[in-house]
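Reading through the C-alpha cells given below for one structure.
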Protein chains: 2
Amino acid sequence: MTTADGTPVQSTTHPTAEEAQAIAQRGLDRGAMVTLFGRCTVDYEGRAASTLGPGDRHVMLKPDGSALVHTDEGQQPVNWQPPGCDHEVFLDEGHVVVRSERPAPEEELTVTFEEVTHAASFDVTDPTDLSLTGTEEDLRQRILDDPDLVEPEFTPLSTERNTPAGAVDIYGEDADGRTVVVELKRRRVGPDAVGQVDRYVGALERDLHDDAAIRGILVAPSITDRARELLAEKGMEFVALEPTAE
Amino acid sequence: MTTADGTPVQSTTHPTAEEAQAIAQRGLDRGAMVTLFGRCTVDYEGRAASTLGPGDRHVMLKPDGSALVHTDEGQQPVNWQPPGCDHEVFLDEGHVVVRSERPAPEEELTVTFEEVTHAASFDVTDPTDLSLTGTEEDLRQRILDDPDLVEPEFTPLSTERNTPAGAVDIYGEDADGRTVVVELKRRRVGPDAVGQVDRYVGALERDLHDDAAIRGILVAPSITDRARELLAEKGMEFVALEPTAE
DNA sequence: CAATGTATTTCGGAG
DNA sequence: CTCCGAAGTACATTG
C-alpha cells in the first residue's frame, strides 16, 4: 500500500497544524504508521490516570490501534495505548490533537500539540509473511543439508526415530561417536522444550543401555533465560538457528 | 541544544546511505533522538539471541542509550536495547548499519538497512514529570487519611510491617483491640491474594503468640467468586474500595 | 471468554 | 550493588 503518488513515506518538518493533521489522518486512513513530533501535553484516563505537562515528545500511531508516546529517555514509552484502539487526529482551536480510545476497558489517551515540528507517515509491508515462511520442516532440511550448523562433524543417522517418549527430530552421532538427540523448534523455546529433550534422552539411555551419556541438543532461533538455566542444569546444549537462511 | 542552523529537527526522505548515516551520527553526537525507517534485517545477541529477516521497520535511538525497533504491529518493540548502550551508525558496503551495544551484560543489536526511506533527528527538551494516580500507593493514602473506609474505628498502627511471610500493607487494630492485617490491591483480586493475606495472618499469629485470632482484610475494587469463597473458608473479610475517590 | 505463566520483561525501592 | 515486587505490565498459550 502506498500514497497516491506511489511514495511509501511522507514527511514534513515544521508543518502547519492543517498540514500535520492532514498527513496524520490520511496516513491512518491508509493503514500506515504515523509519527508526530513536537511540544505537547499528554493526558491518560482509564485503568489509571496520568497527565504530562508541556514537553517535546515523539508520538507513534500504529495501524493496529496501538499508540506510543516517547521522550528522549527510557526504553518504555511515557504514555501509550494498547492495540485495538481507534486513533483520531483533529484540530482544536488551531492545535493538533491526537485522541486514541478503546471501549473495554474504557481508556482514552489525548495528546495536544502546541506545535508539531515533524509529521510523517510510513507504509509498512507486513514482515509477518516473511518470518512465517520458516517451518520446523525447513529447519530439519536445513540441518540435514548442512549438519555442521549444529556442530562440526555432527552426523545425522535418522529422523523421527522412535523412543518410548515419542519420536526424536534428529538422531545422530558427534565427532567422538557419541549418540546425539536433536530437538527442533521453529521459534523461541521455553522450559517445556527442555523437558521434552530430557525425556527423549532419558528414554534412549534406558532403551540403548548406553554407557556413555547421550547428548541432548535443542535447536531453535532463541531460548528463554529459564530454559537456558534448566538446559545447563541437565548438561544439555542449545544451538541458535533460524528455520530459514537469510 | 540545536543543529548548526538552529533547527531542532532534521528530516530527509529517500536519503542516500551517506546522507542517512550523516544525519544519524550527527544527531547522536548532538544528544538528539534519531529515527530511521526502511527495509532492514535485525540481529540481536545477548541475554537471548534472535534474528529478523528483511522487513520495513522503524528504528529509534535515544540519547540515553536505548534503542527501539518497531514494526506496524504491537505495543512492544520487536527488538530493543535498554538504556546505557553505545549507539553507532556506519556504512558497510553501501548499507547503513546501526549497532547498539552494552558491556554488562554483553548485548549487541545490529540493524542492517537494505534501504533507508526516512532519516530524522529530534532535539528534545522535556522538563516535566509524569503524575500518575490510581496506584496501590493512592489506595494506601486513602485509607490512612480515612481508616473508617475499611471499617468504623479501624486504627492503622504501621505500614509495611515486616513478618516472616513479607511486609504487611497496613497493620492495625479494630474497635475491640484485635490485631488486623490489611492487604491492598489496586484492582480485582483472585485466589492468589487470599493466599497472601492468609500467609501474613499465619506468620503474625506465630510471631505474636496471640490468643485472639488475627483478622485478615482484603481491600480491593472487586473480588472473583472463587477468591470470595476461599476468603470465607478462612474466616477473612473483603472490603470493596477503589484506589481513588470518584 | 477468562485464567495462567513467561519476559532480552521494565521499573522502582529497600537493604 | 543485588534482591524483591509491582506494572495502566504485554504477550502467548491453554481450558
Side-chain angles (χ1 to χ4, degrees), chain A residues 42-52 62 64-70 73-85 100-102 104-109 187-194 221-230 240, chain B residues 42-52 64 66-70 73-85 100-102 104-109 129-140 159-160 162 165-169 183-193 196 220-221 224-227 242-244:
Chain A
V42 184
D43 292 272
Y44 162 78
E45 178 94 33
R47 288 173 285 178
S50 72
T51 61
L52 203 45
K62 294 193 181 189
D64 71 346
S66 9
L68 301 166
V69 182
H70 275 278
E73 286 186 343
Q75 170 178 350
Q76 291 300 119
V78 66
N79 270 117
W80 69 96
Q81 204 69 297
C85 297
S100 180
E101 46 190 329
R102 70 165 179 172
E106 180 70 38
E107 282 187 299
E108 187 176 295
L109 179 73
R187 50 177 198 173
R188 184 178 179 78
V189 292
D192 50 338
V194 178
S222 67
I223 184 170
T224 65
D225 279 352
R226 197 166 308 247
R228 195 186 283 273
E229 286 169 21
L230 276 171
Chain B
V42 184
D43 293 87
Y44 163 76
E45 178 91 35
R47 287 172 287 177
S50 71
T51 63
L52 283 179
D64 71 347
S66 12
L68 301 166
V69 182
H70 276 277
E73 286 185 344
Q75 171 178 345
Q76 290 299 120
V78 65
N79 269 117
W80 69 94
Q81 203 69 298
C85 297
S100 180
E101 46 190 329
R102 69 165 178 171
E106 180 71 36
E107 282 188 301
E108 185 176 295
L109 179 73
D129 262 349
L130 179 72
S131 67
L132 185 66
T133 60
T135 64
E136 187 175 305
E137 177 54 30
D138 290 323
L139 182 54
R140 174 181 293 110
T159 61
E160 302 292 335
N162 282 318
V168 169
D169 283 333
E183 175 64 21
L184 307 175
K185 293 293 171 191
R186 60 176 300 280
R187 54 176 193 175
R188 184 176 179 83
V189 291
D192 51 336
Q196 198 178 340
T224 65
D225 283 352
R226 180 74 191 125
E242 297 286 328
T244 49

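A note on names: the letters A, B, ... follow the listed sequences, proteins ahead of strands, and every chain is numbered from 1.
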Does [N] have OP1 or OP2 under 4.0 Å away from a side-chain N or O of [X]?
X      : N      : value
B:R187 : D:dA6  : no
B:W80  : C:dT10 : yes
B:R140 : D:dA6  : no
B:R47  : C:dT10 : yes

*Does B:E107 come within less than 4.0 Å of B:R47, counting only side-chain N to carboxylate O?*
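Looking at B:E107 and B:R47, the cut-off is met.
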*Looking at NE2 of B:H70 and CD of B:Q76, how far apart are the two atoms once the value is rounded to the nearest 0.5 Å?*
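Separation between the atoms: 7.5 Å.
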Are the side chain of [X] and the backbone N or O of [Y] linked by a donor-acceptor pair below 3.5 Å?
X      : Y      : answer
A:K62  : B:G74  : yes
B:E136 : B:R186 : no
B:D169 : B:L184 : yes
B:D43  : B:T51  : no

Compare the minimum distances between each of [options] and the side chain of [X], then state the nucleotide with the smallest one.
X      : options              : value
B:P83  : C:dC11, D:dG8, C:dT6 : C:dC11
B:Q75  : D:dA6, C:dT8, D:dC11 : D:dC11
B:Q196 : D:dA6, D:dG8, C:dT8  : D:dA6

*Between B:G74 and B:T135, name the one whose nearest nucleotide on DNA chain D is closer to the 5' end.*
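Checking each residue's closest nucleotide, the 5'-ward one belongs to B:T135.
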Whole-Å distance between [N] [atom2] and [X] [atom1]?
X      : N      : atom1 : atom2 : value
A:Q76  : D:dC11 : CD    : C1'   : 13 Å
A:E45  : D:dG8  : CD    : C1'   : 11 Å
B:Q81  : C:dT9  : CD    : P     : 12 Å
A:L68  : C:dT10 : CG    : P     : 16 Å
A:I223 : C:dT9  : CD1   : P     : 13 Å
B:D169 : C:dA14 : CG    : P     : 14 Å
B:E137 : D:dA6  : CD    : C1'   : 12 Å
B:R188 : C:dA2  : CZ    : P     : 10 Å

Separation of the [atom1] atoms in [N] and [M], to the nearest angstrom:
N      : M      : atom1 : answer
C:dC11 : D:dC11 : P     : 15 Å
D:dT14 : C:dT8  : C1'   : 25 Å
D:dA10 : D:dA6  : C1'   : 14 Å
C:dT6  : D:dA7  : C1'   : 15 Å
D:dG5  : D:dT9  : C1'   : 12 Å

*When we call it a touch if two heavy atoms are under 4.0 Å apart, what does A:P82 touch: a base, just sugar-phosphate, or nothing?*
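A:P82: base contact, heavy atoms under 4.0 Å.
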